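Shown next, in structure tokens, is the structure this report addresses.
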Number of protein chains: 2
Amino acid sequence: MSIYQRIFTDIETKIISGDWRPGDRIPVEHELVAEYRCSRMTVSKALSALAERGMIVRRRKTGSFVASPQIDRTVMDIQDISTEAELAGHEHRFEILARKIERLGEAEAQQLSEPADAEVLRLQCLHIVDGRPNAIERRIIMLDAVPRAREESFASIPPGKWLLEQVPWSKAKHVIRAVSADTVTARILQTKRGEACLSLIRQTWQNGRTVTYVEFTHPGDRFQFAGTFHPAAN
Amino acid sequence: MSIYQRIFTDIETKIISGDWRPGDRIPVEHELVAEYRCSRMTVSKALSALAERGMIVRRRKTGSFVASPQIDRTVMDIQDISTEAELAGHEHRFEILARKIERLGEAEAQQLSEPADAEVLRLQCLHIVDGRPNAIERRIIMLDAVPRAREESFASIPPGKWLLEQVPWSKAKHVIRAVSADTVTARILQTKRGEACLSLIRQTWQNGRTVTYVEFTHPGDRFQFAGTFHPAAN
DNA sequence: TATATCTATTTGTATAGTCAAAAGCGGAGC
DNA sequence: GCTCCGCTTTTGACTATACAAATAGATATA
């Protein structure tokens, strides 16, 4: 493994693991030069690569800092179809509909590739934007990965935001589907049974362990995902 | 603008414009060094950045080549829910349901940000995978951007694939929605009216001009989008 | 003929330096 | 107080060079 890759992954690991948190300062180049006994070019290359991936932010004179995570932006760029307006200026609130601690069932355990007896926090949450139901959030939080979730009531902070503060960096897999609203979902979202809904499922890992699994169900007549992509590697 | 950026954008432009096509060889480093009168490090940095973005492929001894476009993979990573299998090994065919040349209407022109009298080729196409309807493709091709579409019958090659050969590199915007199948859509897709369908809209540009606008409508009970994302810049 | 070896080419990584640009900081002058 | 100036730190871009690794193609050998 090359020096440049070692520096890159060392810093990436510190960020992903939460050891260095958003806003934290990264050693300046000459410190890393001393630490790794290499030239400044090599350090610079590693830091530039991290900056290009959006993991750190670099500023002259002040140094380099851990960036804020953007995982939510990646796919959660939800647009309100009726207004086409950005989220700014919208009134958002949420209600916890259910909260219980239990063990994973056999089927779910298989789905998440986690042991069947793993303790989890199961949440159900309704998001309301401008007075109208916007999404049902059905979430599973792995308690061994995020033990502090056991004491958190989520009364004043939505689970997604809270988790981001606990586990700021991670990898995620998304699945987007169209589903028909069942009776319960339709009632909660105040729409008709059978209505087309957009479902976003996200499973999040940190260091190879599942942190959370969540499904958002949006009323299809009101919401969509949008994004600009250009071809990329990986 | 730095030398490294100039080399990068020069090559990117040649690829995006179709001047250099997938598989074409890129000048080796020492040729670019001579052309830009700079050091090899600078050329190497530009080429490495292009490789990281997936626009070129680099191999020792043989040189660097324009990569194959991946825009379809970005979001079109469609999984068959029932089989969860990859596309390989599935029998795919398609039928052209409609093909006509006309001028953009006022409403559509506004939606695409194109002049209202622009000549377009309008296509409707049904995709069938393993004998079952998989998607309706409703496509608009801008004839001034792709004049050769006028003579193409699309009898033996699907429009998306054909376009990729004509206009291999481009930028795209995607919108994903859930919609209820109307009567016509339901009949074509052999599903029930009102059934939840997943709709993917993609608008593609080349050098700032719209190339094509397409909407795929998939039966929601059979298909989904999936992808692994990690936080990225831009 | 088939296989092993050599050679030339091209990319990959690294060094040790230079100069420049951005920006925070403190001090001089008003 | 405020503005302007120069100093210093840190990143950004670049050079010229070196050696290593991969490998396509030519050459030599069994």
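None of the values given here were measured: they were computed from a predicted structure. For the numbers below, each heavy atom of this structure counts, side chains included, while hydrogens, waters and symmetry mates do not. Residue numbers start from 1 in every chain, and the chains themselves are labelled A, B, ... in the order their sequence lines are given, proteins ahead of strands.
- With DNA chain C read from its 5' end, the first of the two nearest nucleotides for Y4(A) and H30(B) is the one closest to H30(B).
- A distance-only check finds no donor-acceptor pair linking the side chain of H218(A) to the backbone of S199(A) [under 3.5 Å].
- When the side-chain nitrogen and oxygen atoms of R58(A) are compared with OP1 and OP2 of dG12(D), one or more of them lie within a distance under 4.0 Å.
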Between protein and nucleotides 20-24 of chain C, what N or O pairs are separated by less than 3.5 Å?
{"unit_1": "dA22(C)", "atom_1": "O4'", "unit_2": "R60(A)", "atom_2": "NH1", "d": "3.3"}

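- Checking side-chain atoms of E114(B) against main-chain N and O of T210(B) turns up a donor-acceptor pair under 3.5 Å.
- Listed by first and then second residue, the side chain to side chain donor-acceptor pair (under 3.5 Å) pairs that reach into residues 17-41 of chain B are D10(B)-Y36(B), E29(B)-R40(B), E29(B)-R58(B), S39(B)-T42(B), sequence neighbours excluded.
- Contacts of L47(A) with the nucleic acid, taken as non-hydrogen atoms under 4.0 Å apart, are absent.
- Distances from the side chain of S48(A) to the nucleotides dG12(D), dA14(C), dC14(D) place dG12(D) closest.
- Comparing atom distances between the E29(A) side chain and each of dT13(C), dC14(D), dT11(D) picks out dT11(D) as nearest.
- dG12(D) atom C1' lies 16 Å from atom CG of L50(A), rounded to whole Å.
- Look at CD1 on I26(B): it is 21 Å from P on dT9(C), rounded to the nearest Å.
- OP1 or OP2 of dT10(C) sits under 4.0 Å from a side-chain N or O of R25(B).
- Using a 4.0 Å cut-off, some side-chain N or O of K45(A) falls inside it from OP1 or OP2 of dT13(C).
- When the side chain to side chain contact (heavy atoms under 4.5 Å, CB included) test is applied to T62(A), the partners found at least two apart in sequence or on another chain are R59(A), F65(A).
- For R40(A), the side-chain atoms get nearest to dT18(C) when compared with the rest of dC14(D), dT18(C), dC19(D).
- Atom CD1 of I3(A) is separated from atom P of dC19(D) by 16 Å (rounded to the nearest Å).
- Under the 4.0 Å criterion applied to side-chain N and carboxylate O atoms, E119(B) and R150(B) are assigned as salt-bridge partners.
- The side chain of S39(B) places no N or O atom within less than 4.0 Å of a non-bridging phosphate oxygen (OP1 or OP2) of dT17(D).
- In this model, the phosphate group of dT15(D) is approached by a side-chain N or O of T42(B) to a distance below 4.0 Å at OP1 or OP2.
- Among the heavy atoms of the strands lying under 4.0 Å from R37(A) are primed sugar atoms or P, OP1, OP2 only; no base atom is included.
- If you measure from atom CD1 of I7(B) to atom P of dA13(D), you get 13 Å, rounded to the nearest angstrom.
- Across all strands, S64(A) comes closer than 4.0 Å only to sugar-phosphate atoms, never to a base (heavy-atom distances).
- The pair E165(A)-R148(A) fails the salt-bridge criterion, with no side-chain N (NZ, NE, NH1 or NH2) lying under 4.0 Å from an Asp/Glu carboxylate O.
- Of the two residues near DNA chain D, M41(A) and G63(A), the one whose nearest nucleotide lies more 5' is G63(A).
- Judged by distance alone, with hydrogens and angles left aside, the side-chain atoms of Q206(A) form no donor-acceptor pair with the main-chain N or O of V211(A) at under 3.5 Å.
- The CD1 atom of I56(B) sits 15 Å away from the P atom of dT10(C) (whole-angstrom rounding).
- A 4.5 Å side-chain heavy-atom check between I15(B) and I56(B) finds at least one atom pair inside the cut-off.
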